[in-house]
Number of protein chains: 2
Amino acid sequence: MNTNQAVITLSCLAQEARLKIFRLLVQTSPAGLAAGEIASRLDMPHSTLSFHLKELSHAGLVKSEQSGRFVYYSTDFSTMNALMAFLTENCCGGEQSCCLPEKHS
Amino acid sequence: MNTNQAVITLSCLAQEARLKIFRLLVQTSPAGLAAGEIASRLDMPHSTLSFHLKELSHAGLVKSEQSGRFVYYSTDFSTMNALMAFLTENCCGGEQSCCLPEKHS
DNA sequence: ACTGTATTTCCATATTTATGGAAATATAAA
DNA sequence: TTTATATTTCCATAAATATGGAAATACAGT
């Protein structure tokens, strides 16, 4: 992951429709959902959904697999994990303590 | 964190200049840097930097503290951590295994 | 008060991007 | 081949956002 890739990945998620699609796929992973199922769950026109799925695929955030007439989409976690690592890289000069989430008891 | 907040936070980071500023502050946290030091390290005009710092502050990604004529900026990790949690919320239906980064030996 | 340094605001221009209906394409079943 | 269902592409319109020089503001030291 480098700056340009990270900007592409973040831009892709920084959009209400795409963020909802991504989170829905995160929650239904690793199985994924067919495009039409995503459209009906999110009440989104097919053309709009298709546009956003293409963006998400291009950014490497989701992957697709055709099965008959259906195209199943699911999360590609490697990109998401690489992004998170990039954002906190060399946190606190490598000390890695100030940037960790606080533990909840 | 909700969808709208996440979109604001992600939009803020999805910009080359702001991403560089944020990462620089991550790496120099928790001390932070004065605005002018950020500008010179990233070779960025002051007006441009100021615009982006305002965006980052508004999104809660950085915090600032005035000290004499200097304004020190540093990362606000709570927002970053909330964003990461939101993105992987209910991952894999709560199973939380498919979405973790792979361990490196 | 005056000078020097630090930071922010103003502003006009240029660029990028989301939307959804209709048509096109792809696959499966009758 | 005909019909039905799934998904994608096309396209014109509308909206949001980054840039950086010049001026304004804020603060400290003399």
Side-chain angles (χ1 to χ4, degrees), chain A residues 3-25 28 31-76, chain B residues 3-25 28 31-76:
Chain A
T3 300
N4 285 336
Q5 288 177 293
V7 167
I8 290 171
T9 309
L10 288 162
S11 296
C12 195
L13 289 172
Q15 207 283 337
E16 184 176 349
R18 286 194 293 269
L19 183 56
K20 285 182 176 172
I21 295 166
F22 180 78
R23 296 224 315 146
L24 177 58
L25 292 177
T28 55
L33 293 173
E37 178 67 17
I38 301 172
S40 71
R41 288 209 201 184
L42 298 180
D43 193 24
M44 193 176 290
H46 288 177
S47 60
T48 301
L49 175 72
S50 189
F51 169 76
H52 291 305
L53 283 173
K54 197 165 98 176
E55 297 283 305
L56 285 162
S57 294
H58 182 256
L61 284 162
V62 307
K63 53 197 174 189
S64 61
E65 189 182 358
Q66 181 133 13
S67 172
R69 278 178 299 181
F70 301 87
V71 178
Y72 288 90
Y73 284 89
S74 59
T75 311
D76 185 338
Chain B
T3 301
N4 285 336
Q5 289 177 291
V7 167
I8 290 170
T9 309
L10 288 161
S11 296
C12 195
L13 289 172
Q15 208 282 336
E16 186 177 348
R18 286 194 294 268
L19 184 56
K20 286 182 177 172
I21 295 166
F22 179 78
R23 295 223 317 144
L24 177 59
L25 292 177
T28 55
L33 293 174
E37 178 68 17
I38 301 172
S40 71
R41 287 209 201 183
L42 297 180
D43 192 24
M44 194 177 291
H46 287 177
S47 60
T48 301
L49 175 72
S50 189
F51 169 76
H52 290 306
L53 284 173
K54 198 165 97 175
E55 297 283 304
L56 285 162
S57 294
H58 183 255
L61 284 162
V62 307
K63 53 197 175 191
S64 61
E65 191 181 357
Q66 181 131 16
S67 173
R69 278 178 298 182
F70 300 87
V71 178
Y72 288 90
Y73 284 89
S74 60
T75 310
D76 185 338

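Per chain, numbering begins at 1; letters A, B, ... match sequence-line order.
Taking each heavy atom of B/I8 and B/A59 in turn, the nearest pair found is CG2-CB, 4.2 Å. Scanning all heavy atoms of the two residues, the minimum distance from B/T3 to A/L19 falls at O-CD2, 3.8 Å.
Of the residues in residues 9-18 of chain B, those placing a heavy atom less than 4.0 Å from an atom of DNA chain D are B/Q15, B/R18, in numerical order. Residues of residues 51-66 of chain A having a heavy atom closer than 4.0 Å to DNA chain C, listed by number: A/F51, A/H52, A/Q66.
Qualifying salt bridge (Lys or Arg N to Asp or Glu O under 4.0 Å) partners for B/K20, counting only residues two or more places apart in sequence or in other chains: B/E16.
With a cutoff of under 4.0 Å to any heavy atom of chain B, the contacted region of DNA chain D is bounded 5' to 3' by D/dA18 to D/dA28.
Over its length, the helix from C/dA1-D/dT30 to C/dA30-D/dT1 turns its helix axis by 30°, as judged from the five terminal pairs at each end, rounded to 10°.
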Listing time: all N or O pairs from protein to nucleotides 4-7 of chain C that are below 3.5 Å?
unit_1 : atom_1 : unit_2 : atom_2 : d
C/dG4  : N2     : B/R69  : NH1    : 3.0
C/dT5  : O4'    : B/R69  : NH1    : 3.4
C/dA6  : O3'    : B/R69  : O      : 3.3
C/dT7  : OP1    : B/A35  : N      : 3.2
C/dT7  : OP1    : B/V71  : N      : 3.2
C/dT7  : OP2    : B/G36  : N      : 2.5

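One finds the OG1 atom of A/T9 at 10.5 Å from the CG atom of A/N4 (value rounded to the nearest 0.5 Å). To the nearest 0.5 Å, atom CG of residue B/L33 and atom OG1 of residue B/T28 are 4.0 Å apart. To the nearest 0.5 angstrom, A/H58 atom NE2 is 12.0 Å from A/L56 atom CG.
Between A/L25 and A/L61, the closest side-chain pair of non-hydrogen atoms is not below 4.5 Å.
Applying the side chain to side chain donor-acceptor pair (under 3.5 Å) test to pairs two or more places apart or on separate chains, those with a residue in residues 61-76 of chain A are A/D76-A/S78.
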Donor-acceptor pairs under 3.5 angstrom involving side-chain atoms of residues 41-55 of chain A: please list them, not counting sequence neighbours.
unit_1 : atom_1 : unit_2 : atom_2 : d
A/R41  : NE     : A/E37  : OE2    : 2.8
A/H52  : ND1    : A/R18  : NH1    : 3.1

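Atom CD1 of A/I21 is separated from atom C1' of C/dT19 by 13 Å (rounded to the nearest Å).
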